[in-house]
Number of protein chains: 2
Amino acid sequence: MKPKQRLPDRKSKVTIREVALNAKVSETTVSRIMRNEGPISEETREKVMKSVRELGYVPNRIAGALASLNTHLVGVIVPSLKNIVFPEVLRGIQSGLKGNHMQAVISVTEYDLATEEEMVRGLLAWNPVAVLVTGLTHNEATSRMLRQSLGRVVEMMEIDAEPIDAAVGMSHRSAGYETIRHLLTKGYRRFGYVAHDIGPDRRARLRHEGMVQALSEAGLGFIAESRAETPSSVGIGKAMTARLLERAPDISVAIYSNDDMAVGGVFHCMETGRSIPSDLAIFGFNGLEIGQQLPQPLSTVRSNRFLIGRTAIEQILNDKERPGSPVRVDTGFEIVDGATA
Amino acid sequence: MKPKQRLPDRKSKVTIREVALNAKVSETTVSRIMRNEGPISEETREKVMKSVRELGYVPNRIAGALASLNTHLVGVIVPSLKNIVFPEVLRGIQSGLKGNHMQAVISVTEYDLATEEEMVRGLLAWNPVAVLVTGLTHNEATSRMLRQSLGRVVEMMEIDAEPIDAAVGMSHRSAGYETIRHLLTKGYRRFGYVAHDIGPDRRARLRHEGMVQALSEAGLGFIAESRAETPSSVGIGKAMTARLLERAPDISVAIYSNDDMAVGGVFHCMETGRSIPSDLAIFGFNGLEIGQQLPQPLSTVRSNRFLIGRTAIEQILNDKERPGSPVRVDTGFEIVDGATA
DNA sequence: CGCGTTTCTGGTGGCGCTACCATCACGGTA
DNA sequence: TACCGTGATGGTAGCGCCACCAGAAACGCG
């Protein structure tokens with residue numbers, strides 16, 4: 001009597017049992033060899049590896065994860081893939097993962113906290129070793145899940161508030177503040193602000209808050225602000241610059257919500273024959289390559305995005321357990337004194 | 001006698017059993033409710049969902065996957081995240097996945113086929129529903145694994161050769177060919193070529209081959225080529241343009257391996273006071289936003305990257321089984337007759 | 001030579017869930 | 001009344017692997 005067939009015959013599936021039988025050792029031994037664990041004689045190892053190759057055995061990680069309660073999986077949640085910023089964070093993550101036989105499961109929220117909740121729930125169902133999320137703001141359910149989850153939780157990009165477990169990033173508030181301080185030092189007094197839809201982009205809002213504070217301490221404020229209701233892009237940067245200059249033609253410097261927008265500002269000036277920075281100075285945020293390669297390198301703030309991803313992974317590799325109290329790692333930022341401001 | 005403790009107490013883990021006990025139904029019923037499957041009375045459903053909420057139950061997908069042999073996981077392998085091209089493919093993938101409670105596991109090869117092999121092996125160990133890889137060229141072991149794997153395999157970006165299961169993308173060879181035809185029609189005869197390191201970038205090589213073929217049919221060839229040995233970037237595009245013009249100052253049009261490089265070419269011309277296209281015409285590849293927002297929109301070829309990712313997912317959702325013979329889906333391309341050529 | 005100690009190998013009970021079969025109540029139909 | 005279909009629920013044997021315990025064999029060491 002042949003064994004009951006539960007599911008369609010998944011071809012001739014090779015399990016650890018087949019390998020063990022073929023090599024005439026126990027399943028335990030095969031398992032240990034596959035995991036490079038415990039003392040194994042060279043002879044046995046070779047015998048088993050021969051069977052592994054012959055049979056084309058690929059260990060089933062699902063079963064392994066269930067038995068060992070360890071998945072080697074890292075959940076990653078980023079808000080967007082529309083510009084190069086988060087892919088760079090992902091690159092940092094991938095570079096840190098490499099060689100640790102860990103794998104990243106990636107989800108994108110489109111800056112929506114309800115979507116984030118759904119993604120977090122989906123990720124936690126895989127019992128990941130760690131979850132890397134973006135930002136320190138989540139909805140109630142998400143925060144609860146992350147707090148109660150068993151693995152590490154790293155909140156990336158910001159460090160302006162208290163994290164659940166660990167935060168790796170920079171202070172966007174001080175970046176905004178220092179931007180204004182820098183521009184004040186350079187003599188600018190008539191400020192304009194150009195932004196994409198910063199409703200959902202909390203970090204852009206924090207930078208703006210930092211700017212407003214520094215301006216207010218100097219007895220100043222933005223003369224005009226022009227904000228789009230769409231995500232950032234070079235095109236939107238152009239359009240919003242045009243609108244800003246219509247409303248307030250006499251500003252001396254325009255600060256942008258990020259470099260994509262600022263590059264749009266530069267292109268607008270090129271098209272309308274304004275000289276930068278004499279007619280209008282331009283200041284961005286992120287320090288993207290494109291900005292630095294413009295005929296006049298963009299003045300901006302370098303955020304270390306690759307480093308943030310990399311450091312986030314290092315945090316969880318260095319310490320599998322949550323620290324006693326939440327940790328913040330500052331990856332810093334740097335004012336890039338380019339040629340546009 | 002308390003039960004044997006196999007592993008450190010994972011806090012008070014809530015399993016389907018706890019929910020079943022709490023709601024006074026069987027595990028089977030809870031399982032069915034969690035999966036929205038089979039007939040369930042409204043009364044029972046509510047009773048169970050109440051317990052689920054009270055206990056904060058999150059189904060363990062690992063166990064579910066092991067029992068059902070279905071993971072709802074899609075493995076994705078891309079060569080790079082250094083420019084915006086592959087993130088756009090990923091966006092297409094994520095958009096197709098959304099609402100199908102599927103998840104993407106993403107790996108990056110850095111254009112290295114041995115790394116690709118390692119990543120494929122790692123992904124297959126998770127029994128994914130499908131694996132999406134980039135390109136049609138793999139090493140021997142990778143091809144074998146993909147061919148023998150049980151799920152769907154979609155090779156993205158190219159359709160110039162025979163796929164394993166399905167290919168979604170465009171013909172890079174004809175894109176190159178049509179580029180030259182287009183430029184010949186516009187009267188250009190003195191061609192230069194500027195590239196990043198196209199050793200590992202097979203698709204850039206295919207485009208180049210198509211160009212060479214079209215040129216040769218017209219009794220022409222590239223007067224000069226300038227190739228870097230680094231990945232593409234705006235900066236490298238600038239530098240290679242400078243080198244090209246040193247060697248062959250009399251070319252009338254420079255064709256670039258992609259838009260990043262071409263934008264570098266545009267910036268070089270701006271810096272050196274060359275007018276585009278009269279002194280030098282410039283032609284890229286990809287149709288990135290940045291190119292279209294330049295003061296003069298870049299002449300280029302639009303590759304539909306979001307669509308490729310999206311279509312790849314649709315392929316595997318529409319048909320869980322491999323087709324009888326390999327399928328190729330052409331997402332097309334479009335010559336963008338901009339202002340730079 | 002006796003007795004630890006180290007090195008290597010094996011048996012097996014779950015991990016948490018779902019596929020598969022059974023069961024039971026109920027209503028409609030011949 | 002007998003029978004069948006349908007809706008709703010339950011019991012349980014694995015899925016493939018690994019943690020845990022054992023045990024055998026080879027190796028020092030006084």
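All values below were derived from every heavy atom in this structure, side-chain atoms included, with hydrogens, water molecules and symmetry-related copies excluded. Each chain gets a letter, A, B and so on, in the order its sequence line appears, and its residues count up from 1.
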Rounded to whole angstrom units, what separation is found between the CG atom of A:Leu21 and the P atom of C:dT9? 17 Å
Looking only at the side chain of B:Leu66 (C-beta and beyond, no hydrogens), which of the listed nucleotides C:dC17, C:dG16, C:dA19 gets closest? C:dG16
Hey, are the side chains of B:Ile164 and B:Glu155 touching, using non-hydrogen atoms and a 4.5 Å cut-off? yes
To the nearest angstrom, the CG-C1' distance between A:Asn36 and D:dC18 comes to 15 Å
Report for the helix from C:dC1-D:dG30 to C:dA30-D:dT1: angle between first-end and last-end helix axes, five pairs each, rounded to 10 degrees. 40°
Between C:dC17 atom P and A:Leu69 atom CG, what is the distance in whole Å? 12 Å
From B:Ile106 CD1 over to A:Ile106 CD1, what is the distance, rounded to the nearest 0.5 angstrom? 4.0 Å
Distance, rounded to the nearest Å, where A:Ile62 contributes CD1 and D:dC15 contributes P: 15 Å
A:Asn70 CG to D:dC18 C1', straight-line distance once rounded to whole Å: 11 Å
Side chain proximity check, A:Thr15 to A:Asn60, heavy atoms < 4.5 angstrom: no
Quickly work out the A:Asn127 CG to D:dC18 C1' distance and round it to whole Å. 16 Å
Pairwise side-chain contact, A:Leu81 with A:Leu90, heavy-atom cut-off 4.5 Å (strictly under): yes
Hey, does A:Leu73 have a side-chain heavy atom less than 4.5 Å from the side chain of A:Arg61? no
Using a strict 4.0 Å threshold on nitrogen-to-oxygen distance, state whether B:Glu46 and B:Lys50 make a salt bridge. no
Does this structure show an ion pair linking B:Lys47 with B:Glu43, if we count only N-O contacts that are shorter than 4.0 Å? no
Rounded distance in Å - CG (A:Asn60) to P (D:dC18): 9 Å
Over how many whole Å does the gap from A:Arg35 atom CZ to C:dT9 atom P extend? 15 Å
Option from B:Arg328, B:Arg152, B:Lys320, B:Arg147 for which salt bridge (charged side-chain N to carboxylate O under 4.0 Å, His left out) with B:Asp165 holds: B:Arg152
Any side-chain heavy atom of A:Glu117 within less than 4.5 Å of one from A:Leu113? no
Could you run down the sub-3.5 Å N/O contacts of the protein with nucleotides 8-12 of chain D?
unit_1, atom_1, unit_2, atom_2, d
D:dT9, OP1, B:Ser41, OG, 3.1
D:dT9, OP1, B:Thr44, OG1, 2.2
D:dT9, OP2, B:Ser41, N, 3.1
D:dG10, OP2, B:Ser26, N, 2.7
D:dG10, OP2, B:Ser26, OG, 2.9
D:dG10, OP2, B:Thr29, OG1, 2.6
D:dG10, N7, B:Arg32, NH2, 3.1
D:dG11, N7, B:Thr28, OG1, 3.1
D:dG11, O6, B:Thr28, OG1, 2.9
D:dT12, O4, B:Thr28, OG1, 3.4

